[in-house]
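To keep things clear, I will list the structure first and then write my remarks on it.
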Amino acid sequence: MTEAPLIVPGSVGPRSTGAQGHDDLLAGLNPQQLEAVTYRGPALLIVAGAGSGKTSVLTRRIASLLRSREAWPSQILAITFTNKAAGEMRERVEGIVGEAAKGMWISTFHSACVRILRREAQQFGFTKSFTIYDSGDSRALIKRLVKEHEADAYGLTPGAVQSRISKLKNELSDADAYARQANMSDPAERIFVELFADYQRQLQKANAFDFDDLIGQTVYLFRAFPQVADTYRRRFRHVLVDEYQDTNHAQYALIHELTRPVTGESSDPYASNGMMIFEPDTTPELEGASLTVVGDSDQSIYAFRGADIRNISEFERDFPGARVVLLEQNYRSTQNILSAANAVIGNNFDRKDKKLWSDKGDGDAIIGFTGYSQHDEAQFVADEVESLRRSGMPYSEMAVFYRTNSQSRALEEIFIRSAVPYKIMGGTKFYERAEIKDALAYLVAVANPADEMAVRRILNKPRRGIGDVSESAIARFADAHEITFRQALSVPDQLGFGPKIQAGIAQLDAVLAEATEIMLPASGELPPPTSVADGLSVLLSKSGYLDALRASRDPQDEARVENLDEFVAVARDFARNNPEGTIVDFLTEVALVSDADDLDDESGSVSLMTMHTAKGLEYDAVFVTGVEEDLIPHRISAGEPGGPQEERRLFYVGITRARKRLHLSLAMTRAQFGEVTVAMPSRFLQEIPAGLIDWRQSPGDVNSRGGTQSRALNARRAGGFGGSASGSGDRFAVKQLPGRDALKPLSTAMDKFPNRVTAKMRDNGDLELTAGDRIRHSDFGEGRVDAVTGEGAKRIAHVRFDSAGQKKLLIKVAPIEKI
DNA sequence: CTCGCTCAGATTTTT
DNA sequence: TCTGAGCGAG
């Protein structure tokens, strides 16, 4: 991520020869970085503090392997946690070595495993077109099972069951293994084991893997079929893993399996069974792949998801002879920011001492602010953003972090009113929208007819008069005749339903069949690139799904239609980018995209995200908000072992994202679901030396004297009288809030449609106003437009209200009408 | 079977 | 505050 003193890659052509080529690779590296790039051996651990240039080191290491012809591209496997990081790494390696980079596997754990599983699935009872269940899908399945098993009577909620199963899978455990060591006299435990086993059976039956299975089943595959594993071991001679501190046990095991020596025979239980002439334990046919891992235990923030910090702390023990390189020089942040970070993380007792340092100088002081409410705090952020913008910093170089997604709301509201362009990373994902999930279910029903969940989902969408009762009847029929749910749909007349339901089922069956013929022609010939988009269109229109939405009078449904249009557009884009792409490829891509992946830094907007999402990113200016007890550290973390320490690391990750400016803010009161609660400053604040923080408004100021006016309160008062330091009071003139995402800057097709639905709540669209127009505002009454400034979504009307005085209003979202 | 109403519960982080 | 589940009426 940081490349500070390192030279710009790409200055030397791909064909340059070894020695010469290496000069530019190694130029500007400090001694530790140099070693990290050039060391050769079976195992290398690069302990890379925040901002120490680890991505650069990793990419140079790969480039250097390629340039010196130590490895073919196809022999390299580089693993990251997000597709975004993978894409970035690929780009940078390509920047250095050009075409030679083609053929490398640079991907996430999950996509690498999918690739392997698709190839090998037939080996153990799956087909290549298996479905990937995201957490929503598995929750839905578990929910159904919990109901069927009446497990809620034992206090087993779907959420709890899901997270327990996930944890167990991350440990490579399964229902049987768990049962062996569980207290089976406890009925709740017995039910849980049953649920777990049933869940797994259902997945298998549906030809589906959940997220955890992608990793776990790959490990299983390697262990059960050593000769399969060997093909991958022979292939990948250099395995590199980024963010190693966040690997869980299953991922650790996967790496282990991949880097094992190829023995040729002894790992195959059948081979040594008399037939083979080799002596046991002969020298390996091929030594294990060289393994490079990069990580920083201070940035381990995924323990809650099973990440095991020991994977990194015990690396030397696991891989004897491993070389360890420590990167401590930070090229990202100013010393003030680093000093704060060091002071905070120093309070974690179980860590190896590591002190980041910088030669960038102290830089600006950290700015602190305490608001009266989260709105007040948000206003501070918005004001600061504007002032930084005026001083020349682009919006895209600013980011706002928070602990929980729900905190984004107050920020969004204020940003919208202040006309600050922003972009939310994460939050509700586009493919979690109901209509998108429905569309996906239609596609899955075609790609993987065994997936009963998908077929059930679309059975009555749009309404076909097929309710729970009929659905169960179909399931029973399928069971009784030993056919799949999907197959049952193709014999509607045998199901014993009335004509209406029969017709509905027949129609669904016909649509699915037609789409199947488009996307997966029975003739076996390769469908044209546009087949996915075409098939999707057919599904949506001929199923009546779109018509039903269009006929609806729910205003949200209009937006849903638009979302689906966008989704079809995404499919077309996919066809353009992947001419050979099949429906299965498309579904894979959609299932594995994550929030952090579609970060788009060109769009010129401020980025809002959780601190978790922020990992691996950096910005000139960073705002860490909600620095309060019970938020960071989060209340729930207190109960978990190691919880508070992990929270501290999270905070550390947040503050080390900043290059030049760091802002820490909090609110004295926070409204959470209706009730207003009083918040306390986070303990982490006290861990930062007081001299480093320049408080614009300290917690003490806000507590003791009521002298300082709340910005938000001020602004809300119609008069907009004094107080607000930066004079932005009248930005608040828009009192009625629009939908939370109304103003979201739209850039790519992907982030365009997730937010359409809510955006419908208020959008004046192209309302044309010119000086002299009279308007009516829902709060301020009537007034006259003095002037209009700005463009497009950010057009601002300067209005002189008859009674409420002068206001600036964002035309697009203000509750106004022309009169 | 669908619709609309009421009420409870929810919010930690994510591939 | 918002969403989802549950219930009763048509």
Side-chain angles (χ1 to χ4, degrees), chain A residues 79-86 107-114 132-136 138-140 143 147 152 157-159 162-163 166 169-170 209-216 243 246-248 250-251 300-307 401-410 413 425-429 432 434 460 462-471 497-498 500-501 504 552-554 591-597 609-615 626 630-640 643 646-647 649-651 653-654 670-677 737 739-740 758:
Chain A
I79 296 181
T80 61
F81 268 79
T82 63
N83 293 307
K84 151 104 171 152
S107 67
T108 62
F109 270 106
H110 295 268
S111 8
C113 287
V114 169
I132 300 164
Y133 278 15
D134 67 21
S135 20
S138 38
R139 188 166 52 247
K143 207 164 171 182
K147 209 177 236 165
D152 41 352
T157 64
Q162 186 182 22
S163 79
S166 173
K169 285 188 174 184
N170 288 158
F209 295 104
D210 65 20
F211 270 144
D212 301 315
D213 279 344
L214 293 178
I215 316 284
E243 308 283 11
D246 286 327
T247 49
N248 60 35
Q251 290 162 334
S300 161
I301 54 175
Y302 285 108
F304 73 90
R305 193 173 85 187
F401 302 155
Y402 36 81
R403 176 65 235 268
T404 67
N405 278 308
S406 59
Q407 289 169 253
S408 69
R409 180 164 232 140
E413 289 172 357
M425 318 330 312
T428 36
K429 292 163 225 160
E432 280 173 12
N460 199 28
R463 305 245 131 90
R464 298 184 175 95
I466 311 172
D468 284 349
V469 181
S470 315
E471 183 180 327
F497 292 128
K500 201 178 131 213
I501 293 183
S552 154
R553 51 184 176 79
D554 183 341
L592 294 177
V593 292
S594 74
D595 308 332
D597 295 338
M609 68 190 88
T610 67
M611 284 184 238
H612 282 88
T613 308
K615 194 177 67 164
D630 288 351
L631 219 41
I632 174 92
H634 197 276
R635 180 157 1 107
I636 292 176
S637 74
E640 308 193 347
E646 175 146 322
E647 297 286 309
R649 290 194 293 270
L650 186 56
F651 186 59
V653 166
R670 198 164 280 278
Q672 44 185 3
F673 59 116
E675 300 302 285
V676 174
T677 54
L737 295 181
R740 53 181 299 195
T758 43

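In what follows, every chain begins at residue 1, and chains take the letters A, B, ... in the order their sequences are listed.
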Compare all side-chain heavy atoms of [X] with those of [Y] and state whether any distance is below 4.5 angstrom.
X: A/Ile501; Y: A/Arg464; value: no
X: A/Tyr402; Y: A/Thr610; value: yes
X: A/Ile215; Y: A/Phe209; value: no
X: A/Val653; Y: A/Phe401; value: no
X: A/Thr82; Y: A/Glu243; value: no

Mind checking if A/Ile466 touches a base, just sugar-phosphate, or nothing, with heavy atoms under 4.0 Å?
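Sugar-phosphate only.
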So what does A/Arg463 hit on the nucleic acid, given a heavy-atom distance under 4.0 Å: a base, only sugar-phosphate, or nothing?
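Result for A/Arg463 = sugar-phosphate.
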Can you tell me if A/Tyr302 is stacked onto the base of B/dT13, using a 5.5 Å centroid cut-off and an angle below 30°?
no
Can you give one letter per nucleotide of nucleotides 5-10 of chain C, going 5' to 3': B for a protein heavy atom under 4.0 Å from the base, S for sugar-phosphate only, - for none?
S-----
What string of B, S and - do you get for nucleotides 6-11 of chain B, 5' to 3', if B is base contact, S is sugar-phosphate-only contact and - is no contact with any protein heavy atom under 4.0 Å?
----BB
Start at the 5' end of DNA chain B and walk down; is the nucleotide closest to A/Glu647 or to A/Gly467 reached first?
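Closest to the 5' end, via its nearest nucleotide, is A/Gly467.
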Along DNA chain B (nearest heavy atom to each residue), the more 5'-positioned of A/Asn460 and A/Phe81:
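Nearer the 5' end of the strand: A/Asn460.
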For side chain to side chain contact (heavy atoms under 4.5 Å, CB included), just list the numbers for A/Ile301 and A/Met611, CA-CA rounded to whole Å, side-chain angles, deciding distance to a tenth of an Å, and then say yes or no.
CA-CA 10 Å; A/Ile301 54 175; A/Met611 284 184 238; over 6 Å; no
Any N or O donor-acceptor pair under 3.5 Å from the base of B/dT13 to the side chain of A/Arg305?
no
Any side-chain N or O of A/Asn248 below 4.0 angstrom from OP1/OP2 of B/dT15?
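A/Asn248 to B/dT15 OP1/OP2: no side-chain N or O under 4.0 Å.
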Has A/Thr610 got a side-chain N or O lying under 4.0 Å from the OP1 or OP2 atom of B/dT12?
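Answer is no, no contact under 4.0 Å.
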List the steps and the verdict of side chain to side chain contact (heavy atoms under 4.5 Å, CB included) for A/Asp210 and A/Lys169.
CA-CA 10 Å; A/Asp210 65 20; A/Lys169 285 188 174 184; 2.7 Å; yes
Identify which nucleotide among [options] has an atom closest to any side-chain atom of [X], counting heavy atoms from C-beta outward.
X: A/Val469; options: B/dT15, B/dC1, B/dT14; answer: B/dC1
X: A/Thr613; options: B/dC3, C/dC2, B/dT14; answer: B/dT14
X: A/Ser470; options: B/dC1, B/dT15, B/dT14; answer: B/dC1
X: A/Arg403; options: B/dT15, B/dT12, B/dT2; answer: B/dT12

Is it the case that the ring center of A/His612 lies less than 6.0 angstrom away from the ring center of A/Phe304?
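Ring centres of A/His612 and A/Phe304 closer than 6.0 Å.
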Is it true that a side-chain atom of A/Asn460 and a backbone atom of A/Gly465 form a donor plus acceptor pair closer than 3.5 Å?
yes
Could you work out the separation of C/dG4 and B/dT13 based on their C1' atoms and round it to a whole Å?
23 Å
